[in-house]
Amino acid sequence: MKMNVLVLPGDGIGTEVTREAVRVLQHVAAKFGHEVQLTEGLLGGVAIHKTGVPLPEETEKLAHACDATLLGAVGLPEFDDAPPQQRPEKGLLGIRKALGVYANLRPVRSFRSLLDSSPLKNERVDGVDMIIVRELNGGLYYGLPRGVEGEGAEERGTNTMTYTRAEIQRITRMAFELAKNRRRKVTSVDKSNVLETSQLWRKVVNEVAAEYPGVKCEHLLVDNAAMQLILNPKQFDVMLTENMFGDILSDEGSVLSGSIGMLPSASIGAQRPSGAWVGLYEPVHGSAPDIAGQNKANPLGAIGSVAAMLEYSFQLLEEAAAVNRAIDAVLESGNVTADLRPKGAPAGTDQVGKAVCDAI
Ligand code: NAD
């Protein structure tokens, strides 16, 4: 197979982890006899520096032309006080919207060799295997009106949380389809005791759930969900939620497995006639300015995102499994970065990337 992949390294550790993810992609492709055509593009702070905008038109064109997009992370501290339109993160929201990727899939699973790295007791984490399905194109991050206006005591900031029935239906179907091949349970998270958007959300989820009699559907309020994720994470199989709740809960979920650097994500949209999904693949973490440029970043979340790309955008399940098995083998070997608190000297980002290739 020929794979046309757009690579957007972004900022900070995004560039470091993406380098290793690409190394693994090229390695697994060669091993299984596929051809990878890579194109590099600009997104985030680096794009602002070079073109004045966080998402250049050229990047958007490239993303549409390629089969899949691999992204590092965006964000530079120098833009922390910039207006929203001129922040690197605007590029990220822009490319998700441009590609129409409306479902963010974030698998959270425990790794035996990392149980001691989790802030929770071993017995609580051992066996966690869930996937967070986060709606990615709607809700508070995109709703209008938005902005800050007025002055003095009357200066007012506004954001709008809004969802249509169609938006809720398509993400709910995706969650139930995934649950069919897992442990057949969907937990939908909302705030329906307070928010009208959540009341519509719950009503539509129940309607879609009726189409899947073999899958159990339950509802949790988001505050309780945040608590249950710590108290008893093993109860979850597929957790379905809207954009902002998912953003927060998936970071909470990320530490269950030991480090935010471990978590991959897949943002997927339309399904092509071949059955492959349009997809944007990125680790869950940000650009981590505190460790950027030091070869300390854990690349396994980015490498796991390559496995997700192979699975969803290229339907290469065997190749995806080979990458995931190699990640497990490297974790077992203890040759890991400092965030996973190895017993010996921590490995560098590049060493971990090479170790994954060797294990493949
Ligand atoms: P962050 O995820 O960058 O870092 C949080 C903490 O986790 C830091 O201590 C960091 O060192 C550590 N960490 C993160 N990834 C790691 C890895 N792979 N290996 C080892 N340690 C890792 O979140 P933040 O500090 O809140 O944000 C920094 C910048 O990243 C901000 O500009 C933010 O807007 C941006 N951001 C971007 C994305 C994205 O591009 N998808 C996501 C979140 C944050």
Side-chain angles (χ1 to χ4, degrees), residues 7-21 24 41-49 54-55 59 69-97 99 101 104-106 114 117 119 132 134 136 141 243-244 246-267 280-306 308 327 330-331 336-342 346-353 356:
V7 181
L8 303 172
D11 306 315
I13 64 164
T15 57
E16 299 166 57
V17 298
T18 305
R19 196 175 304 130
E20 300 316 313
V24 170
L42 296 171
L43 185 83
V46 62
I48 300 177
H49 280 153
L55 172 59
T59 301
T69 302
L70 183 66
L71 173 64
V74 300
L76 290 175
E78 68 193 81
F79 295 109
D80 279 354
D81 297 321
Q85 294 301 331
Q86 286 154 33
R87 292 182 59 120
E89 292 78 2
K90 195 74 193 170
L92 188 62
L93 297 183
I95 189 124
R96 287 174 179 165
K97 195 83 180 175
L99 283 173
V101 288
N104 186 231
L105 312 183
R106 297 186 171 188
L114 288 186
S117 307
I132 300 179
R134 166 188 169 198
L136 205 59
Y141 294 179
N243 204 344
M244 184 180 65
D247 192 358
I248 298 168
L249 291 173
S250 57
D251 266 29
E252 190 188 349
S254 73
V255 291
L256 297 177
S257 59
S259 162
I260 192 166
M262 287 301 303
L263 273 205
S265 86
S267 302
L280 176 71
Y281 301 87
E282 54 178 316
V284 166
H285 62 76
S287 58
D290 53 333
I291 57 165
Q294 299 171 42
N295 198 27
K296 283 184 180 167
N298 182 348
L300 294 177
I303 293 171
S305 303
V306 165
I327 291 175
V330 170
L331 289 173
V336 294
T337 42
D339 54 310
L340 298 178
R341 287 176 241 134
T349 309
D350 52 352
Q351 286 169 295
V352 175
V356 173

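Only a predicted model underlies this, so the values are computations on that prediction, with no experimental measurement involved. Counting starts at 1 for both ligands and their atoms, in listed order.
- The shortest distance between side-chain heavy atoms of Arg341 and Val336 does not fall below 4.5 Å.
- Pro54 pairs with exactly one of Val74, Ile95, Ile48, Val46 by the side-chain contact (heavy atoms from CB on, under 4.5 Å) rule, that one being Ile48.
- Among residues two or more places apart in sequence or in another chain, the side-chain hydrogen bond (donor to acceptor under 3.5 Å, both in side chains) test is passed with Gln86 by none.
- Put simply, CG on Leu93 and CG on Asn243 are 8.0 Å apart, with the number rounded to the nearest 0.5 Å.
- In this structure, the side chains of Arg96 and Asn104 stay at 4.5 Å or more apart for every pair of heavy atoms.
- Counting heavy atoms from C-beta on, the side chains of Asn298 and Met262 come closer than 4.5 Å.
- Protein residues with a heavy atom closer than 4.0 Å to ligand 1 are Ile13, Ala73, Val74, Gly75, Glu89, Leu92, Ile260, Gly261, Glu282, Val284, His285, Gly286, Ser287, Ala288, Pro289, Asp290, Ile291, Ala297, Asn298, Asp339, listed by chain and number.
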